[in-house]
Amino acid sequence: MIMKSHTVKQGMPEAAVKYQPYPQINIPDRTWPGNTITKAPIWCSVDLRDGNQSLVDPMGHDRKARMFQLLLDMGFKEIEIGFPSASQTDFDFARWCVEEGNVPADVSLQVLVQCRPELITRTFESLQGANKPIVHFYNSTSELQRRVVFAKDVRGIKQIATDAAKMIADMAAKAGGGFRFEYSPESFTGTELEVALEICNAVSEIIQPTPDNKLILNLPSTVEMATPNIYADQIEWMCRNLDNRENLIISLHPHNDRGTGIAATELGLMAGADRVEGTLFGNGERTGNVDVVTLALNMFTQGIDPELDCSDIERIKEVYEYSNQMVIPERHPYVGELVYTAFSGSHQDAINKGMKAIKVANKPLWEVPYLPIDPQDVGRSYEAIIRINSQSGKGGIAYILQADYGINLPRNLQVEFREDIQRITDEHGKELPSKAIHGRFIERYVDQPGARIRFVDHHTYPVGEHKGLRVVAAEITDDGETRRIEGKGTGPIDGFINALSIYLGIDMSVADYSEHSLQHGSNAAAIAYVEVEYSGGKLFGVGINTNIVAASLEAIVSAANRVLEQKQR
Ligand SMILES: CC(=O)SCCNC(=O)CCNC(=O)[C@H](O)C(C)(C)COP(=O)(O)OP(=O)(O)OC[C@H]1O[C@@H](n2cnc3c(N)ncnc32)[C@H](O)[C@@H]1OP(=O)(O)O
Ligand SMILES: CC(C)C(=O)C(=O)O
């Protein structure tokens with residue numbers, strides 16, 4: 001007999017025995033894959049309810065109030081402020097919103113309640129005097145919860161929903177109307193579509209939505225159980241089959257258990273949904289609710305007005321961290337500390353070129369490699385776009401010197417200086433801040449502590465009979481001793497390098513020269529870069545001076561000192 005070898009890896013049970021695949025949805029003529037998102041959905045923040053109920057320490061009044069104000073400022077028109085029948089804190093907060101929250105007329109407060117009479121009664125108490133509030137009621141409809149939580153069949157589960165719908169409709173009518181309604185077949189993604197449809201239609205039949213007061217049918221991915229295309233199929237199927245679709249607002253409420261909440265929401269919108277419930281940066285039960293900031297900015301970067309103001313993402317982050325007492329990871333889309341930063345050389349090079357190209361094009365269209373959004377659009381600066389470590393390249397270093405200090409290195413100097421920086425970052429294994437890069441540049445090329453030669457002054461005069469040729473007479477110091485040197489050339493640079501070559505006994509010539517004015521720096525006006533050629537190769541010198549000629553001659557001295565250094569090695 002042949003024994004079958006055991007193939008299960010140590011530590012993990014056999015997947016096929018323990019878990020089952022999610023069934024496919026039978027909708028062969030699905031249309032959503034051909035659709036695109038063209039406008040923002042109705043946004044509803046559930047930070048103060050689903051987000052709050054998942055916190056280690058739920059929010060008290062101050063944390064709620066600060067978050068509430070932010071949500072208003074961002075432009076949310078629907079805000080689920082809590083579960084007033086669950087706790088005194090939530091009840092009191094609902095009352096505060098109604099009485100003191102300065103809620104704009106176009107904003108609806110929303111509250112959640114289970115389909116339980118005593119909780120519904122308390123919920124209505126919490127909303128007295130509110131302007132067009134949304135009463136959101138729910139019950140679990142999934143096959144699993146019907147079996148293990150409620151011990152009821154579909155009829156019994158439907159009854160819970162319809163009894164609550166009747167009570168809510170009656171109480172709203174008695175209170176003089178002015179309410180809006182939302183129903184969630186909770187754990188929709190674990191519910192057979194036909195069952196969800198039957199229960200939703202039954203609730204809708206009782207609520208009697210109209211074009212002026214549509215029923216919000218919220219189809220939550222309470223637990224994300226399958227790939228996002230399955231959720232889209234479910235939404236398209238429901239949109240096709242629900243009664244009175246025109247009087248319904250189809251709402252998504254995705255969670256992120258598989259890490260695909262954003263994708264599921266986007267496909268759900270393509271499948272016909274009108275509304276999205278989610279939280280800032282995705283706080284919420286387990287792996288969280290869908291992140292509405294990411295969703296909104298995904299739309300924005302496709303040229304769609306997201307109708308949510310995310311222009312001060314640092315404030316949104318700050319309030320998130322204060323109210324939820326949680327921190328946002330460095331890689332979180334759009335807001336993480338590092339999401340606009342490139343350390344790697346080729347990315348930096350492309351960003352550097354892209355930023356320059358944008359400046360030259362002088363058009364509003366954003367096209368910078370590796371940066372899908374302009375950081376300034378969300379209130380972030382360009383400061384951290386490029387940071388330098390051992391993975392960085394010359395383009396990145398050049399960008400930093402340019403952006404932070406107005407120093408525009410010529411290409412060959414970028415190559416030369418990068419070697420120096422690379423040696424330092426390799427040695428220390430750490431990031432090198434902009435200040436340290438600048439400091440190193442100034443020390444190596446401009447200040448040159450301990451260098452032998454210093455430029456002091458110069459003047460030129462014509463060489464008698466030679467038209468165009470001039471004598472350069474200069475004063476330098478050599479190890480502190482004043483020296484007068486002389487050379488000839490067509491101009492001061494030419495003549496001075498000739499003078500220094502004679503004095504030092506090293507044949508040097510100018511291979512490249514450039515200069516520009518310096519916007520940054522205290523009293524410096526011009527920076528000159530001179531590439532000097534000598535028998536050992538080529539290297540750069542840099543001079544900074546308010547006088548452009550002096551800056552150039554200092555650059556030659558800087559190069560000469562570096563030649564001397566090379567020769568001593
Ligand atoms: C997917 C979601 O996020 S849904 C929202 C969940 N949010 C919260 O639960 C936060 C706030 N909740 C609470 O403070 C409490 O759960 C309360 C106040 C609502 C209820 O508290 P309690 O009645 O003490 O306890 P508990 O929540 O355990 O009640 C469960 C009972 O309610 C029933 N139940 C649960 N949900 C619903 C519902 N939507 N409609 C009707 N009955 C429900 C359960 O079947 C169970 O019934 P049983 O007592 O007959 O077994
Ligand atoms: C109450 C419902 C909408 C919910 O929070 C969920 O299903 O996650």
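Everything quoted here is computed from the prediction, not taken from an experiment. Atoms within a ligand are numbered from 1 in the order they appear, just like the ligands themselves.
For Val113, the side chain to side chain contact (heavy atoms under 4.5 Å, CB included) partners are Ser85, Leu119, Ile120, Thr123, Val135, Phe137, not counting sequence neighbours.
Heavy-atom separations between Arg49 and ligand 2 include at least one value shorter than 4.0 Å.
In this structure, Phe300 and Tyr334 have side chains that are not in contact, with every pair of non-hydrogen atoms separated by 4.5 Å or more. Using a 4.5 Å heavy-atom cutoff, the side chains of Lys363 and Ile358 are not in contact.
Other residues, nucleotides and ligands contribute at most 12 non-hydrogen atoms within 6.0 Å of the CD atom of Glu383. The environment of NZ in Lys77 is crowded: more than 12 heavy-atom neighbours from other residues, nucleotides or ligands sit within 6.0 Å.
Which parts of ligand 2 touch Asn218 is read off a 4.0 Å heavy-atom cut-off, strictly below it: atoms 3 (C). For ligand 2, the atoms sitting less than 4.0 Å from at least one non-hydrogen atom of His255 are 8 (O), numbered in the order shown with element in parentheses. Each of the atoms 3 (C) of ligand 2 lies under 4.0 Å from some heavy atom of Ser184. Each of the atoms 5 (O), 8 (O) of ligand 2 lies under 4.0 Å from some heavy atom of Asp50.
Protein residues with a heavy atom under 4.0 Å from ligand 1 are Arg49, Asp50, Gln53, Phe83, Ala86, Leu112, Gln114, Cys115, Arg116, Tyr138, Asn139, Phe150, Glu186, Thr222.
Annotation: Glu186 places no N or O atom under 3.5 Å from an N or O atom of ligand 2; distance criterion only. Of the N or O atoms in His136, none lie within a sub-3.5 Å distance of an N or O in ligand 2.
Taking all atoms of both residues into account, the shortest heavy-atom contact from Arg380 to Glu337 is NH2-O, 3.2 Å.
The side chain to side chain contact (heavy atoms under 4.5 Å, CB included) test with Lys64 singles out one residue from Asp90, Ile81, Thr89, and that residue is Asp90.
Contacts between Glu277 and ligand 2 below 4.0 angstrom, taking non-hydrogen atoms only, are absent altogether. Counting heavy atoms under 4.0 Å from ligand 2, residue Thr222 touches it through both backbone and side chain.
Between the side chains of Ser434 and Asp404, at least one donor N or O lies within less than 3.5 Å of an accepting N or O.
Ring centroids of Phe124 and Phe179 are separated by less than 6.0 Å, placing the two rings close together.
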Requested in this report: Please report the C-alpha distance between Lys132 and Glu78 in whole Å, then the side-chain angles of each, then the deciding distance to 0.1 Å, and finally whether the salt bridge (Lys or Arg N to Asp or Glu O under 4.0 Å) criterion is met.
Outcome: CA-CA 10 Å; Lys132 274 220 146 193; Glu78 297 179 2; over 6 Å; no

